[in-house]
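Protein chains get the first letters and strands the later ones, always in sequence-line order, with residue 1 at the start of each. For the numbers below, each heavy atom of this structure counts, side chains included, while hydrogens, waters and symmetry mates do not. In this text, all values refer to a predicted model and were calculated from it rather than measured experimentally.
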Protein chains: 2
Amino acid sequence: MDRTQLKNSFEAYFNEWGYEIDWQRLTVPMDVHVIRKGDYLFQQGDFANRLYFLHSGLVRYVSVSDEGKEFTQTFAKSPRIIGSTKAMVTGSTVLFGIQALEDCMVSSYPWQAFYAQMRQDIGFLECYAKFLERIFMTKEERENAFVKYSAERRYLDFCMTYPELKNTIPQQQIASYIGITPVALSRIRQKLKLGRR
Amino acid sequence: MDRTQLKNSFEAYFNEWGYEIDWQRLTVPMDVHVIRKGDYLFQQGDFANRLYFLHSGLVRYVSVSDEGKEFTQTFAKSPRIIGSTKAMVTGSTVLFGIQALEDCMVSSYPWQAFYAQMRQDIGFLECYAKFLERIFMTKEERENAFVKYSAERRYLDFCMTYPELKNTIPQQQIASYIGITPVALSRIRQKLKLGRR
DNA sequence: GTTACCAATTAACCTAGGTTAATTCCTTCT
DNA sequence: AGAAGGAATTAACCTAGGTTAATTGGTAAC
């Protein structure tokens with residue numbers, strides 16, 4: 001992956017906000033990661049104080065409880081910034097791992113250095129703020145759904161929001177996104193099937 | 001509340017990030033709200049496309065389900081920006097109301113105009129980004145707690161995080177923050193009391 | 001002091017979803 | 001085609017927390 005490819009990918013993402021950012025200025029060292037389907041970009045508990053950019057592919061953010069239960073926080077499709085804001089900004093450890101659901105191409109940059117360069121650029125800061133606004137709103141809405149709606153409703157909402165995922169990813173992952181067990185999801189699907197007749 | 005007071009209050013908040021912002025530039029029309037304990041700054045479902053700044057007092061963000069159950073999303077103490085990022089940025093309706101837990105003093109600004117002025121100021125954009133980072137991380141951690149820990153554990157965490165609230169706000173509000181009913185909280189407290197002997 | 005009202009506790013019962021485990025389906029590998 | 005291994009379903013049982021309602025406190029208003 002060369003600088004031009006990189007530039008295109010970033011622009012495809014940021015330009016939706018109508019901004020021209022001069023990515024040529026970006027001189028911090030870049031790593032490239034190729035992640036095979038099923039593998040992890042980083043694991044829960046790692047130090048991941050880098051900014052990651054998903055150039056192609058699909059990932060999920062998954063956190064595992066002490067008892068070994070998986071919870072899928074987010075699905076993220078390229079092109080998109082991915083990673084842990086908390087780990088990146090505070091230099092702390094990550095609360096979730098990022099797993100590839102398809103083969104993925106990712107570039108990454110040390111956040112400190114990246115931000116040091118970018119903070120002079122008013123366009124970048126604005127895009128970064130818009131990015132943060134967006135992911136925050138997503139979390140807000142998800143919190144809302146968890147608090148107000150039943151698992152059945154959340155499943156139906158999932159099917160509306162991610163029609164393309166509904167049939168391509170395993171149901172256990174859907175269940176873990178909704179916050180229930182695969183068994184419970186199966187029960188819900190059964191119930192819906194009966195109701196539809 | 002005059003401009004100087006306002007300036008001080010903003011600075012007290014933003015300067016923790018080491019930024020000098022020239023608040024004198026702020027010429028957008030300001031509203032001042034005095035909210036009595038128990039009253040609402042705005043209600044769930046309102047259009048609240050303004051930036052609010054809590055100069056004094058304590059509030060909670062509370063959303064109510066169709067069945068009338070309350071859920072407390074956040075407690076916020078002055079000095080702090082408050083409001084709904086979603087409603088402010090997208091001009092949509094709010095998913096929660098903001099209720100004063102003490103008498104509060106709040107100033108507010110139409111977000112569009114405020115942002116139009118501020119976006120030229122690299123210091124403001126950086127502070128705004130840091131604010132967003134912070135509220136996002138808070139949500140991330142809260143999501144984590146909900147997914148990984150029992151109600152009992154969440155209650156104990158609450159007591160650690162908000163020792164000053166523990167004895168000043170009604171238990172129903174604590175319960176609604178933890179995501180359970182007052183009855184369930186009472187049960188948990190009973191159990192803990194017994195265990196402590 | 002007494003009434004009124006709301007907060008908290010307690011108890012009895014209910015339900016959504018978890019747990020375990022057996023069964024059936026699908027792939028993929030040989 | 002047959003074997004192997006994971007994904008999904010189904011059934012039986014369990015549990016955390018919800019629901020309802022009765023009881024006890026606590027405090028503000030008269």
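For C/dA8, the OP1/OP2 oxygens have no side-chain nitrogen or oxygen of B/Ser186 closer than 4.0 Å. Under 4.0 angstrom from either OP1 or OP2 of D/dA7 there lies no side-chain N or O belonging to A/Gln171. Applying the 4.0 Å criterion to OP1 and OP2 of D/dG18, one finds that B/Thr181 has a side-chain N or O inside that range. For the pair B/Arg189 and C/dT9, the criterion of a side-chain N or O lying under 4.0 Å from OP1 or OP2 is met. Put simply, A/Lys69 has a side-chain N or O that comes within less than 4.0 Å of OP1 or OP2 on C/dT19. For the pair A/Gln172 and D/dA7, the criterion of a side-chain N or O lying under 4.0 Å from OP1 or OP2 is met.
Looking at the side chain of B/Val183, the nearest of the listed nucleotides C/dG17, D/dG18, C/dA11 is C/dA11. When each of C/dG17, C/dT10, D/dG17 is scored by its nearest atom to the side-chain atoms of B/Gln190, the top-ranked nucleotide is C/dT10.
If you look at B/Phe136 and A/Phe136, their ring centroids are not closer than 6.0 Å. Within the 6.0 Å centre-distance limit, the rings of A/Trp111 and A/Tyr128 are counted as a close aromatic pair. For B/Phe71 and B/Phe96, the ring centers sit 6.0 Å or farther from each other.
Atom pair A/Lys166:NZ and D/dA7:P shows a separation of 20 Å (rounding to whole Å applied). Distance A/Leu192 CG to D/dT9 P: 12 Å, rounded to the nearest Å. Counting to the nearest Å, the P atom of C/dA8 and the CG atom of B/Asn167 are 11 Å from each other. Going from atom NZ of B/Lys191 over to atom P of C/dT9 covers 16 Å, rounded to whole Å. Atom CD1 in A/Ile174 sits about 8 Å away from atom P in D/dA8, given to the nearest Å. For the pair A/Ile188 CD1 and C/dG17 P, the interatomic distance rounds to 6 Å; values are reported in whole Å. The CZ-C1' distance, from A/Arg187 to D/dT9, rounds to 11 Å in whole Å. Atom CD of B/Gln173 and atom P of C/dA7 are 9 Å apart (whole Å).
A perpendicular orientation is assigned to the rings of A/Phe114 and A/Phe124, their planes being inclined by more than 60° (bins at 30° and 60°). Using cut-offs of 30° and 60° for the angle between ring planes, the A/Phe75 and A/Tyr162 rings count as perpendicular.
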